[in-house]
Amino acid sequence: MSERNPDSSEQHPSRTVLLRGGEVHSPADPFATAMVVEGDRIAWVGEEGAADSFADGVDEIVHLDGALVTPAFTDAHVHTTATGLALTGLDLSGAATLADALDRIRTHAAGRPAGSVLLGHGWDASAWPEGRPPSRVELDAAAGGRPLYLTRVDVHSAVVTTALLDLVPGIRDRSGFHPDAPLTGDAHHAVRAAAHATVTSAQRAEAQAAALARAASLGIGTVHECAGPEISSEDDFTALLARAAEGTGPRVVGYWAELIASAKEADRIRELGAHGAAGDLFADGSLGSHTAHLHAPYADADHTGAAHLDADAIAAHVAACTEAGIQAGFHAIGDAALTAVTDGVRAAAERLGTARVRAARHRVEHAEMLTDATVAAFAGLALTASVQPAFDAAWGGPDGMYATRLGAERAAGLNPYAALLKAGVPLALGSDSPVTPLDPWGTVRAAVFHRTRAHGISARAAFTAHTRGGWRAIGRDDAGVLVPGAPADYAVWRTGDLVVQAPDERVERWSTDPRSGTPGLPDLTPGNDLPQCLRTVVGGRTVFDRPIE
C-alpha cells in the first residue's frame with residue numbers, strides 16, 4: 001500500500017504523504033484520484049496526472065489501488081467507557097430469547113470470582129418471544145449470587161440481582177424501585193453508581209482503549225463523548241480526555257451533562273475539559289423504558305413517562321451557557337420533552353437575543369418525537385439535532401418497539417430527518433454506543449432507508465451529516481471535508497462501484513454519469529456489502545492501518 005522514505009517518522013506531524021490511484025471524495029474536485037497531506041492538514045486534491053509533480057518530495061506514497069478516500073466519520077454521541085465494557089465484558093445485544101440471555105449470564109458469571117460485581121448491557125425484552133425481562137430470582141440464580149448490573153439496550157433502566165441491591169442502602173425507598181421489575185429513575189442511578197464504583201482504573205483504561213480502537217477500525221476519526229454525573233464520573237471523563245490527548249486514536253470532544261444556573265458555574269465545566277454543558281442532560285428518558293415524556297399516554301402503559309426538566313430550568317441553563325460562551329444541550333426524546341426544550345430555549349432567546357442564542361449552536365440529543373412546531377423551533381433557534389438513525393433501523397416500522405409503545409400512527413412520525421433538513425436544521429449523526437453499535441456506514445444506510453419512507457434522506461446528505469455535520473455541531477466549519485487547508489482526518493476504504501444519487505429521487509434511481517460533477521459514494525442499498533476500512537488518519541497521524549490485499 002505504501003512506499004516510505006526510510007528516514008521519515010510515520011507519526012511525525014510535519015510528514016508529507018501522497019495518496020494516489022484511488023477515488024478521493026472531495027467537493028474541491030469531483031474527479032479527484034489523488035491527495036497530498038502536509039503535517040496535520042490537507043495540502044492538495046486533484047487528478048492522477050498532476051500527482052507526479054509531488055512524488056519526489058514526500059515522505060510516503062500511498063498506492064490506493066482503486067480504494068476510496070473520504071473524510072473520517074464523526075460519531076456525535078458515544079459513551080466510550082460503557083462501549084468498551086460491552087466490547088470486553090457481558091454483551092446481551094445478540095441474545096435472541098430470555099433463555100439465551102440467562103445462559104449468557106450464567107456462562108459469564110462462571111468465569112468470575114464469587115463476590116465480584118458483574119456488569120452487562122444490551123438486553124431488549126421487546127424483541128424476545130417471552131416478552132419480559134428476567135426476574136430477580138432468575139438473575140440471582142444465573143449470576144450465582146453475585147452482584148450483577150444489567151442495563152437495557154437504551155441504558156435508561158436496568159435489572160439487577162439481590163446482591164447488588166444489598167450494596168445500596170435505602171435503595172428500596174428510592175423512586176423508580178420495583179420489587180421485581182427493571183429499575184428506573186433514582187433507583188437506577190443509585191445502583192449504576194454502586195456498580196460503576198467497582199470498576200478499577202485498569203479496567204476503565206482497557207475499556208476506553210478497546211472502544212477507541214474499535215472506532216478507529218471503522219473509519220471514525222472523532223467521537224463526541226456524552227458524559228455526566230448521572231452517567232459516569234469525573235474521573236472517567238477526565239481520564240478519557242487525557243487518553244485522547246495522547247494522539248494515538250480518534251479525537252474525543254467531551255460534553256458534561258450538568259445543569260448550571262449562571263455563567264460563573266461554567267468555569268467548572270471548562271475545568272473538566274468539556275466542550276459544553278450538554279449531551280445527556282436529561283429532559284426525559286427513553287421510549288423503550290416507558291420514561292420518555294409524552295403529551296399523551298403510551299399505547300401500552302397508562303402514563304406519559306417522566307419529565308426531568310421543565311422549560312424554566314432549561315431556559316436558565318441555556319442562558320447561563322450562552323453568556324459563558326459554551327454549548328448547552330439536552331437529551332430529549334418524547335414530544336412533551338421536546339416542547340419543554342424548545343420553549344426553554346426560546347425563553348432564553350427572548351432574554352438574551354435570538355442572534356446570540358443561535359450563534360451558540362446549542363444541541364439536542366435524539367430528538368425523536370418531533371412535531372411540525374418543534375421542527376420549526378429547531379430551525380428558528382439554530383438547534384443542532386444530534387440523531388441516531390440506527391434507532392429507527394432497530395425499533396421502527398409497523399411491528400417494531402416504537403409501534404408497540406406509541407401505536408403505529410404516532411410511531412410513523414418518529415425521527416423525521418427529511419423534515420429537519422428541509423427546514424434547515426443542522427444534523428449530526430451518531431450511534432449512542434453502546435445503545436447501538438459503532439457502525440458509520442450502517443448509520444448512513446439507516447438514514448437513507450428509513451422505515452418510514454418519507455423521513456429518509458439522500459446518501460449524500462446522510463454522509464455529510466456523519467462527517468462535516470459532527471464538526472459543525474462543535475462550532476467548526478473548516479473540517480469534515482477533504483479540501484486544501486482542512487484537518488487531515490480521513491479514512492481509506494475498500495468498496496464496490498461508486499454511485500451518485502439522481503437529485504430527484506431518494507433511493508430508486510442511481511447515476512454513475514461522471515457529468516454529474518458530484519463525488520460518488522458506495523451503493524448502500526440493503527444487501528450490498530458495506531465498505532471495509534483500510535486506514536484511518538487523524539490530524540495526519542495514522543491511528544488504524546490494514547494493508548490492502
Side-chain angles (χ1 to χ4, degrees), residues 76-79 81-82 121 151-158 174-177 182-193 196 224-234 236-237 254-261 265 269 272 274-295 298 303-318 320-321 327-345 348 362-370 374 383-388 391 405 430 432-435:
H77 193 119
V78 173
H79 303 285
T81 303
H121 167 74
T151 51
R152 190 185 183 279
V153 63
D154 59 12
V155 200
H156 284 270
S157 59
R174 289 180 178 263
S175 63
F177 176 81
L183 306 184
T184 60
D186 288 344
H188 178 211
H189 296 322
V191 294
R192 173 164 53 197
H196 285 180
H224 294 182
E225 167 68 14
C226 292
E230 292 186 349
I231 302 166
S232 53
S233 69
E234 291 183 16
D236 180 88
F237 184 63
Y255 287 97
W256 186 253
E258 185 171 322
L259 200 67
I260 65 173
E265 292 180 25
I269 305 300
L272 288 172
H275 192 76
D280 275 335
L281 183 50
F282 296 118
D284 69 344
S286 74
L287 291 167
S289 291
H290 291 101
T291 53
H293 188 208
L294 313 182
H295 283 305
Y298 285 87
H303 61 81
T304 57
H308 300 312
L309 296 172
D310 62 19
D312 289 342
I314 290 164
H317 180 76
V318 171
C321 289
Q327 276 185 300
F330 306 91
H331 161 120
I333 287 178
D335 51 2
L338 287 160
T339 296
V341 167
T342 52
D343 285 351
V345 178
H362 303 307
R363 54 190 283 169
V364 181
E365 310 301 317
H366 315 310
E368 293 200 74
M369 208 171 172
L370 290 158
T374 47
L383 294 173
T384 294
S386 170
V387 298
Q388 298 75 41
F391 287 8
R405 293 290 183 268
D432 197 10
S433 180
V435 175

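Keep in mind that this is a model prediction, so the values were computed, not measured.
Closest approach of Ala292 and Tyr298 over heavy atoms only: O-OH, 2.7 Å.
For Asp343, the side chain to side chain donor-acceptor pair (under 3.5 Å) criterion is met by Arg346, not counting sequence neighbours. With sequence neighbours left out, His79 forms a side chain to side chain donor-acceptor pair (under 3.5 Å) with His77, Asp280, Asp432. Residues passing the side chain to side chain donor-acceptor pair (under 3.5 Å) test with Glu234 are Arg268, sequence neighbours excluded. Asp186 is linked by a side chain to side chain donor-acceptor pair (under 3.5 Å) to Ser175, counting only residues two or more places apart in sequence or in another chain. Under the salt bridge (charged side-chain N to carboxylate O under 4.0 Å, His left out) criterion, Asp236 pairs with no residue, sequence neighbours left out. In this structure Thr184 satisfies the side chain to side chain contact (heavy atoms under 4.5 Å, CB included) test together with Ser157, His178, Thr291, sequence neighbours excluded.
In this structure, the separation between CH2 on Trp256 and CG on Leu272 is 6.0 Å, given to the nearest 0.5 Å. A distance of 8.0 Å separates CD in Glu258 from CD in Glu265, rounded to the nearest 0.5 Å.
In the model, His188 has no side-chain atom that pairs as donor or acceptor with a side-chain atom of Arg152 under 3.5 Å.
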* Worked check of side chain to side chain contact (heavy atoms under 4.5 Å, CB included) between Thr384 and Val364 -> CA-CA 6 Å; Thr384 294; Val364 181; over 6 Å; no
* Steps toward side chain to side chain contact (heavy atoms under 4.5 Å, CB included) verdict (Thr339, His295) -> CA-CA 9 Å; Thr339 296; His295 283 305; 3.0 Å; yes
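Taking the side chain as every heavy atom from C-beta outward, Glu225 and Phe237 approach each other to under 4.5 Å.
A distance-only check finds no donor-acceptor pair linking the side chain of His362 to the backbone of Ala278 [under 3.5 Å].
Side-chain rings of His366 and Phe391 approach one another, their centers coming within less than 6.0 Å. Checked against the 6.0 Å centroid threshold, Phe282 and His156 count as a close aromatic pair.
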